[in-house]
2 protein chains.
Amino acid sequence: MESTTVNTFIQMDTSSLVDKVEANLVQLLVDRKLKIGDVIPTEIDLSKNLGVSRTVTREALLRLRMRGLIETKKKKGSVITSPDIFSIIGKSLDPHLLDQETLKEIFEMRLVLEIGMADFLFQNITAEHIKELKEIVKNEPDTSEDYVFHIDHEITFHGKLYEITGNQTLKKFQKLLLPVFDYVHNSGLLKKPATIKKFVSHKGLVDILENGSPELFRNAMRNHLENHFLRIFS
Amino acid sequence: MESTTVNTFIQMDTSSLVDKVEANLVQLLVDRKLKIGDVIPTEIDLSKNLGVSRTVTREALLRLRMRGLIETKKKKGSVITSPDIFSIIGKSLDPHLLDQETLKEIFEMRLVLEIGMADFLFQNITAEHIKELKEIVKNEPDTSEDYVFHIDHEITFHGKLYEITGNQTLKKFQKLLLPVFDYVHNSGLLKKPATIKKFVSHKGLVDILENGSPELFRNAMRNHLENHFLRIFS
DNA sequence: TAGTAGTATTATGTATAACATAATGCTAAC
DNA sequence: GTTAGCATTATGTTATACATAATACTACTA
């Protein structure tokens, strides 16, 4: 708690006009006064009704557009759209601009996700899924020796796992982070393959999915991913 | 593959001037021509050098600002900042604008994360952490009967767990999703508490962290969170 | 009458100029 | 040496005009 005297001060409203207009428009969406598919008035109409210049209106609309709340077409004006956070983020997530520490942590996060997924996998998996997974890993070498990670193959396999969980948001999240993984794989951050005594391959994972338990799967996945992981930082 | 005739057509460049300027500036960042902390020229200087109007430059800068790549101060101009994806997302993540299915999936995602965290928790946890956790759960009732979830208490406890992992990105991600949880808790989406035979309390979790194993913790956490989870959808 | 070329209309995209405002630095008075 | 007050500067905001692309409309031709 601060001194009572200080607390009597009123916080100034330092927000700009654009801030206010933006908040105003978002509030309209939240209140469902405007629903998905609705077209919103033209910049000029909005400006008149809000009592601000067209410039300000434009900047506010630009922000909404960047947030994925509207789409703007020439002539027809803007229409409300359902925001897909992850695709929005994806557009402005440039791995080149992340520092090494963050990249490492994102890799860790992937590890956490794929270990934590186990229960959902076993809960949702079907014979059909198993079949598809087997198809994916068919041409993969059996042992870990001189096994070269092919990033595309990696993505296909692990992407399938995310898909099996049935959780669209999770899947989108993975898709979002793909460029990051891709970047790490292609940018010399990876060291020589670390040799782990007993490396679990994709085939091994599929086998466990078919015959094993969530517990077994978690350990196997940890082993599998740690092999990647250890390659990033000495 | 399409017909060869069609392929001979050259894709038109439909991007707007603002698009180009934005890409141009981002490229500068990526190429490390501009580093974190650097101040970038004034809008007027940029406009002159790029050969576009101040309007265009402003819009491009606004986009960079929304992407968290720069911060703008009056008078001093803009400075390059290290982008914090999650705080950016947070600003444009409004639970009110998400549909029920997505909300449910985000809750599932939390479950996945907190189960998957187990290994990292046991790897990083110290006696000091245990002490702090015990302090947090001190005033909590022992059994599950008529136990009322206090959202603040929830956040404190689970937030601490994220913190213990030592993964800043993970922690930020949790912080990002907090408004979503808060919204769900306060918006009537939650049904009556589901009665699970053997409910694991926060105290139970701390106990396992002190004396148990990752395996035990995962099962306990699953049990613990499912109690929340079952309250969302009938 | 149907179909198309050409024109009009309209709303966003871009440019320019001017003033408002806030943060910073400078100067002079005490 | 401190501070009030002014000057400076770069962003914030307004206003106006024109460019451009998408749509709607019109009239002409087969």
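The sequence lines fix the lettering, A, B, ..., with proteins before strands; numbering per chain opens at 1. FYI, side chains are in, hydrogens and waters are out, and symmetry mates aren't considered; it's all heavy atoms of this structure.
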Please report the distance, rounded to the nearest Å, between [atom1] in [X] and [atom2] in [N].
{"X": "B:R54", "N": "D:dA17", "atom1": "CZ", "atom2": "C1'", "result": "18 Å"}
{"X": "A:E59", "N": "C:dT12", "atom1": "CD", "atom2": "C1'", "result": "15 Å"}
{"X": "A:D19", "N": "D:dT11", "atom1": "CG", "atom2": "P", "result": "17 Å"}
{"X": "B:R65", "N": "D:dA10", "atom1": "CZ", "atom2": "C1'", "result": "13 Å"}
{"X": "B:K48", "N": "C:dA15", "atom1": "NZ", "atom2": "C1'", "result": "15 Å"}
{"X": "B:E71", "N": "C:dA23", "atom1": "CD", "atom2": "C1'", "result": "16 Å"}
{"X": "A:E43", "N": "D:dT14", "atom1": "CD", "atom2": "C1'", "result": "15 Å"}
{"X": "B:L17", "N": "C:dG13", "atom1": "CG", "atom2": "P", "result": "12 Å"}

Which word best sums up how the rings of B:H202 and B:H224 line up, parallel for under 30°, tilted for 30 to 60°, or perpendicular for over 60°?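 Tilted, since the angle between the ring planes falls between 30° and 60°.
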Does atom NZ of B:K175 have more than 12 heavy-atom neighbours, drawn from other residues, nucleotides or ligands, at distances under 6.0 Å?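 At most 12 heavy atoms, drawn from other residues, nucleotides or ligands, come within 6.0 Å of this atom.
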Surrounding CD of B:E71 (heavy atoms of other residues, nucleotides or ligands, distance under 6.0 Å), is the total greater than 12?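 It does not: B:E71 CD has 12 such atoms or fewer within range.
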Using OP1 and OP2 only, check whether a side-chain N or O of A:R58 sits under 4.0 Å from C:dG13.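 Indeed, a polar side-chain atom of A:R58 lies that close.
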Below 4.0 Å: OP1/OP2 of C:dA15 and any side-chain N or O of B:S53: yes
Students often get this wrong, so: under 4.0 angstrom with heavy atoms, is B:T55 touching a base, only sugar-phosphate, or nothing? base
Nearest of [options] to any side-chain atom of [X]?
{"X": "B:T42", "options": "D:dT14, D:dA10, D:dA17", "value": "D:dA10"}
{"X": "B:V56", "options": "C:dA15, D:dT13, C:dT12", "value": "C:dA15"}
{"X": "A:T72", "options": "C:dT14, D:dT13, C:dT12", "value": "C:dT12"}

Report yes if the distance between the aromatic ring centroids of A:Y162 and A:F157 is under 6.0 Å, otherwise no.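 Here the rings of A:F157 and A:Y162 have centres that are no less than 6.0 Å from each other.
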Candidate list A:K104, A:E108, A:E101, A:E105, test side-chain hydrogen bond (donor to acceptor under 3.5 Å, both in side chains), partner B:T169, passing option: A:E105
